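Since the model is a prediction, treat every value here as computed from it, not as a measurement. Note: hydrogens, waters and symmetry copies are ignored here, and every other heavy atom, side chains too, is used. Note on naming: letters A, B, ... go to the chains in the order of the sequence lines (proteins, then strands), and numbering restarts at 1 for each one.
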Amino acid sequence: MAVEEKEIEWLGKSVKRKEDDRFVRGAGNYVDDVVLPNMLHMAILRSPFAHARLTSIDTSAAEALDGVVAVVTGALLAEHNLAWMPTLSGDTQAVLATDKVRFQGQEVACVVAENPYIAHDALELIEVEYDPLPVIVDPKKSLDDDAPVIRNDKEGQKDNRIYHWEAGDKEATDRAFEGADVVVSLDTHYPRSHPAPLECCACIADVNPGTGKTTIYMTSQAPHAIRTVFAMVTGLPEQNIQIISPDIGGGFGNKVPVYPGYVVATAASLLIGQPVKWTEDRSGNLASTGFARDFHMHGELALDRDGKMLGLRVGMLSDQGYAYADAQPSKFKAGLFHIVTGSYDMPAAHVVTDGAYTNKAPGGVAYRCSFRVTEASFLIERLVQNAAYEMDMEPAELRRKNFIRPEQFPYTSVTGFIYDSGDYEKALDLALEKSGYNELRAEQKRMRDEGKLLGIGLASFTEVVGAGPSRDYDILGIKMFDSAELRVHPTGKAILKLGVKSQGQGHETTFAQIVASELGIPPDDVTVQEGDTDNTPYGLGTYASRSTPTGGAATAVVARKLREKAKEIAAHTLEVAPEDLEWKGDHFFVKGAPDQSTTIQEVAFAAYTNHPQGMEAGLEGVTYYDPPNMTYPFGTYVVAVEVDAKTGEWKVRTVVAVDDCGIRINPMIVEGQIMGGLTEGFAMSSMQQIAFDEEGNCLGSNFMDYLLPTAWETPHFELHETVTPSPHHPMGCKGVGESATVGSPAAYANAVVDALLHLGVRNIDMPMTSAKVWEAMQQGRQAQDQ
Amino acid sequence: MANETTISITVNGRERSSEVEPRMLLVHWLREGLGLTGTHIGCDTTSCGACTVLLDGTPVKSCTMFAVQADGRALTTVEGLQQNGKLHAIQEGFKEEHGLQCGFCTPGMMLLGAALLEDNPNPSEKDVRWAISGNLCRCTGYQNIVKAVQYAGQKIESERSGAQA
């Protein structure tokens with residue numbers, strides 16, 4: 001049969017999102033939308049103190065309130081050996097406090113009631129007595145010899161140090177610095193932040209006493225890993241645990257860990273025998289769930305007199321809060337922070353990292369970031385900019401001089417990364433051209449003469465995303481690969497089931513496009529399913545920009561496997577040998593006789609109705625894909641800001657972003673991810689911070705104190721691309737969800753500092769509030785007057 | 001429950017009555033009372049606008065109103081945007097311009113957009129940014145939301161001029 005001309009090229013097409021039909025109707029299905037019969041509601045009582053001994057809890061009045069079903073305390077959980085749970089880094093975290101509270105907002109007790117109003121009423125009736133203890137909020141003081149030990153619950157823990165970890169070569173780096181003509185240093189704090197997805201965390205635990213089945217609806221970015229952790233913590237048989245992550249209202253790393261609310265709701269459902277829903281409020285979310293960043297960083301860059309980089313020395317102290325709860329591979333104590341040499345051909349580097357306990361919430365999640373590459377990228381891009389000033393070189397040219405060159409890929413960095421591909425200069429040149437960089441510099445000079453401040457910042461970042469390979473990457477020992485199961489039905493329609501889990505990234509469209517591209521089944525005929533552990537193959541979930549590098553690759557590989565089988569079936573129905581067939585988009589044809597052909601839909605039908613004898617029927621398959629390497633997206637961002645010379649207020653005038661994430665499957669979705677990330681970068685640089693006072697009071701536990709950018713402040717973005725495929729990904733793709741969050745904060749910071757350069761300003765820590773910028777200007781002016 | 005009061009509110013064109021506690025928030029009444037779960041809760045402090053609904057055509061944040069305060073009034077929620085199975089132009093705009101990612105802020109943003117277009121059918125980028133600045137989105141960076149609202153404005157205009165021709 002002749003094949004009609006129709007759409008067969010799906011790669012690189014901005015297909016409209018399949019998932020949007022339900023969202024624009026308000027018919028998304030988020031955890032809090034789910035209602036189960038006989039469902040009870042849980043609320044959490046939190047500690048008002050950052051560090052205190054728990055002397056007594058009286059729950060009798062709460063229990064007596066009409067409509068209250070149970071009050072759960074740490075003591076009750078301890079009877080079931082559930083008062084503590086493991087973190088994703090193998091430390092421990094209290095589910096409900098038993099001995100002490102260790103941060104403000106810590107979970108102390110839970111009420112389960114007939115409705116949420118009663119549950120909250122009952123919280124007010126719980127009497128807790130605290131005996132306050134000295135509070136540590138500064139991680140440097142936390143490591144002092146006489147600091148009180150926060151984790152005195154842990155046997156053998158004599159101080160507040162969590163880890164000391166080094167990467168690179170100290171001796172080679174020392175030698176590089178000895179031979180240097182110029183050394184530039186920078187001390188900066190990447191402030192504590194919170195991903196603050198618009199949907200808070202929630203779960204419904206439904207332990208069915210009749211079937212023994214535990215079903216948990218959960219806002220989880222990694223449902224399979226959570227199922228395994230739950231099985232290990234509770235001792236429940238894993239086949240009886242089903243985690244369902246329905247639609248998720250944003251994650252950004254916040255929804256990777258297991259939180260106490262999930263565990264208590266499950267325990268409560270087990271004890272009571274009814275489903276228990278817990279929906280977190282915003283203050284609970286900001287005060288207690290996975291924070292991000294909080295790295296105190298020191299960097300030194302050694303260069304020769306021509307501007308060639310010789311070596312990099314980095315020291316970093318991580319403020320972890322009261323538990324080491326980073327969601328990251330166990331091999332790397334400070335995540336992938338040691339990719340701090342960035343886009344540069346650095347002959348030597350040495351990175352020393354320390355982690356300290358403080359009286360703050362645990363977390364250390366990689367907020368829209370691949371295991372702490374954000375902090376690394378920020379430090380090197382700030383250092384390079386300052387080095388250019390020190391050497392009186394144009395920042396773009398200093399970067400150009402030191403970039404890893406295209407012919408050096410695959411490039412092995414001195415801290416152990418193998419960069420897969422890149423063409424950094426191409427991205428830089430395009431960004432300079434599109435931003436009118438030279439004109440901006442000329443205008444800057446003119447404006448400065450008029451007493452007006454224009455600043456231009458650059459960042460040429462390199463990311464490392466897409467974990468595994470499994471030989472290096474794991475979460476709590478579970479290796480990082482990912483999976484795809486593809487079932488083609490007799491009528492030629494397909495279901496694709498994945499181990500990753502979208503939180504808004506558009507997987508239902510992008511992954512359907514991969515199937516369409518590889519197998520010729522149009523995206524509308526491919527349903528993508530994720531998030532239900534009973535009905536999807538095992539995977540490690542979505543974070544660290546890993547879905548396309550791992551789940552996307554798995555999808556391409558399983559589709560290709562099915563195409564191989566389809567070829568055998570097509571040969572059988574066309575009565576030729578398989579080697580006589582060629583594939584084109586969505587059909588096989590006989591070489592030299594294109595009229596003799598059969599579509600993938602016809603082959604699918606034959607797979608169930610007329611398959612060759614001796615072959616297994618059906619057209620289904622599953623693949624577990626273990627990537628041979630990480631992927632390394634990169635790009636250059638140019639930001640121009642105007643700073644008010646009187647008030648320190650700054651406004652973004654230009655953001656030009658050139659991103660290279662290899663082959664783009666759906667450019668519309670890719671650009672959406674980049675704009676989201678550029679906004680997060682703006683937010684980090686200008687306003688977002690979870691701060692604490694000296695008593696450990698959290699100063700950012702609601703959206704009136706923890707500021708997020710609105711449409712009014714958020715800049716307009718101009719996006720461009722270069723395309724350097726990944727040599728090892730089956731489709732040449734790299735991950736992109738986090739590139740702009742990683743790359744852009746330094747561009748904004750560099751721009752603000754650049755505006756104040758003539759005043760001698762070389763650093764303003766983020767968030768660069770008007771007050772901080774004003775103070776920096778004042779200090780600069782005073783220094784110049786003296 | 002003691003101390004309940006009867007309210008009657010027209011929701012998406014249909015009159016709905018029930019007994020509520022005076023302290024019942026409007027958003028809870030919509031979500032739990034009526035099962036209209038398209039209206040979301042994101043912050044509890046009137047900061048994010050995920051709970052935005054139209055009260056007699058004006059956007060309000062339903063987490064900061066008691067249900068009893070809406071007694072006798074008319075509400076539109078996201079579920080009321082489409083008419084006779086046909087998407088409202090603003091819903092089409094959000095799809096066409098990739099104005100949403102996780103979808104959580106989307107109902108509120110669309111209602112703000114629809115209300116803006118009632119007053120200003122041809123808004124500039126600045127007009128839209130100002131109109132939606134009471135609501136937060138954590139995914140999109142807003143640029144495509146602006147485009148989505150403008151798309152809807154143009155669509156409504158062209159349909160009007162088409163109807164007149």
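With respect to chain A, the highest number of heavy-atom pairs below 4.5 Å among B/Thr39, B/Ile41, B/Thr46, B/Leu87 belongs to B/Leu87. Top candidate by heavy-atom pairs under 4.5 Å with chain A, chosen from B/Arg23, B/Met110, B/Glu32, is B/Arg23. Interface check for chain B: of the options A/Pro195, A/Gly506, A/Gly67, the most heavy-atom pairs under 4.5 Å are formed by A/Pro195. Comparing B/Thr106, B/Leu100, B/Asn144 by heavy-atom pairs within less than 4.5 Å of chain A, the highest count is held by B/Leu100. Counting heavy-atom pairs closer than 4.5 Å to chain A, the top residue among B/Gly38, B/Gly141, B/Ala50 is B/Gly141. The choice from B/Lys126, B/Arg138, B/Gln101 that makes the most heavy-atom pairs within less than 4.5 Å of chain A is B/Arg138. In terms of heavy-atom pairs under 4.5 angstrom with chain B, the leader among A/Met668, A/Glu671, A/Gln673, A/Arg17 is A/Arg17. Looking only at heavy-atom pairs under 4.5 Å with chain B, the residue among A/Trp712, A/Phe703, A/Phe23 that has the most is A/Trp712. Per-residue heavy-atom pair counts under 4.5 Å with chain B were compared for A/Asp32, A/Ile674, A/Val24, and the maximum is reached by A/Val24. Put simply, of B/Leu81, B/Thr140, B/Leu36, B/Asn135, the one with the most heavy-atom pairs under 4.5 Å next to chain A is B/Thr140.
Using a 4.5 Å cut-off between heavy atoms, A/Ile669 contacts chain B through both its backbone and its side chain. Looking at A/Asp281, the atoms closer than 4.5 Å to chain B (heavy atoms on both sides) sit in the backbone and in the side chain alike. A/Asn285 does not touch chain B: none of its heavy atoms, backbone or side chain, sits under 4.5 Å away. With a 4.5 angstrom heavy-atom cutoff, B/Tyr142 touches chain A only via side-chain atoms. Proximity to chain A involves both the backbone and the side chain of B/Leu25, based on heavy atoms less than 4.5 angstrom apart. Residue contact with chain B, scored on non-hydrogen atoms closer than 4.5 Å, involves the backbone and the side chain of A/Tyr117 alike. Within the 4.5 angstrom heavy-atom criterion, atoms from both the backbone and the side chain of B/Gln91 approach chain A. Residue A/Gln503 touches chain B through its backbone alone, counting heavy-atom pairs closer than 4.5 Å. Residue B/Ile90 does not touch chain A at all, counting heavy-atom pairs closer than 4.5 Å. Only the side chain of B/His28 comes within contact range of chain A, with heavy atoms under 4.5 Å apart. If you measure heavy-atom distances from B/Met109 to chain A, you find no contacts under 4.5 Å at all. There is no contact between A/Arg22 and chain B, counting heavy-atom distances below 4.5 Å.
Ring orientation note: the planes of B/His40 and B/Phe104 are close to parallel, at an angle under 30° on the 30°/60° scale.
The side-chain heavy atoms of A/Leu719 and A/Met675, taken from C-beta on, include a pair separated by under 4.5 Å. In this structure, A/His716 and B/Gln143 have side chains that are in contact, with non-hydrogen atoms separated by less than 4.5 Å. Residues A/Cys369 and A/Phe252 have side chains not in contact (no heavy-atom distance under 4.5 Å, counting atoms from C-beta outward). Taking the side chain as every heavy atom from C-beta outward, A/Gln505 and A/Ser547 never approach each other to under 4.5 Å. Side chains of B/Val146 and B/Arg129 form a contact here, defined as non-hydrogen atoms less than 4.5 Å apart. The shortest distance between side-chain heavy atoms of A/Leu286 and A/Phe291 does not fall below 4.5 Å.
Along residues 677-685 of chain A, the residues that come nearer than 4.5 angstrom to chain B, judged on non-hydrogen atoms, are A/Thr679, A/Glu680 in order of number.
Annotation for B/Glu118: atom CD does not count as buried by contact number, only 12 or fewer foreign heavy atoms lying within 6.0 Å. Enclosure of atom CG in A/Asp66 is not indicated, since only 12 or fewer non-hydrogen atoms of other residues, nucleotides or ligands lie within 6.0 angstrom.
The distance from atom NZ of B/Lys86 to atom CD of B/Gln82, rounded to the nearest 0.5 Å, is 11.0 Å. Rounded to the nearest 0.5 Å, atoms OG (B/Ser8) and CD (B/Glu15) are 3.5 Å apart.
For A/Asn666 (side chain) and A/Val15 (main-chain N/O), a donor-acceptor pair under 3.5 Å exists by modelled atom type. Looking at A/Ser744, its side chain never comes within 3.5 Å of a backbone N or O of A/Ala747 through a donor-acceptor pair.
The residues B/Lys95 and B/Glu92 are annotated as not salt-bridged, no charged nitrogen and carboxylate oxygen being separated by less than 4.0 angstrom. In this structure, B/Glu125 does not pair ionically with B/Lys147, as no charged nitrogen and carboxylate oxygen lie closer than 4.0 Å.
Across B/Ile9 and B/Ala67, no two heavy atoms sit closer than the pair CD1-O, 3.7 Å.
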Residue pair B/Glu97, A/Lys16: steps toward the salt bridge (Lys or Arg N to Asp or Glu O under 4.0 Å) verdict:
CA-CA 8 Å; B/Glu97 297 292 349; A/Lys16 302 298 178 207; over 6 Å; no
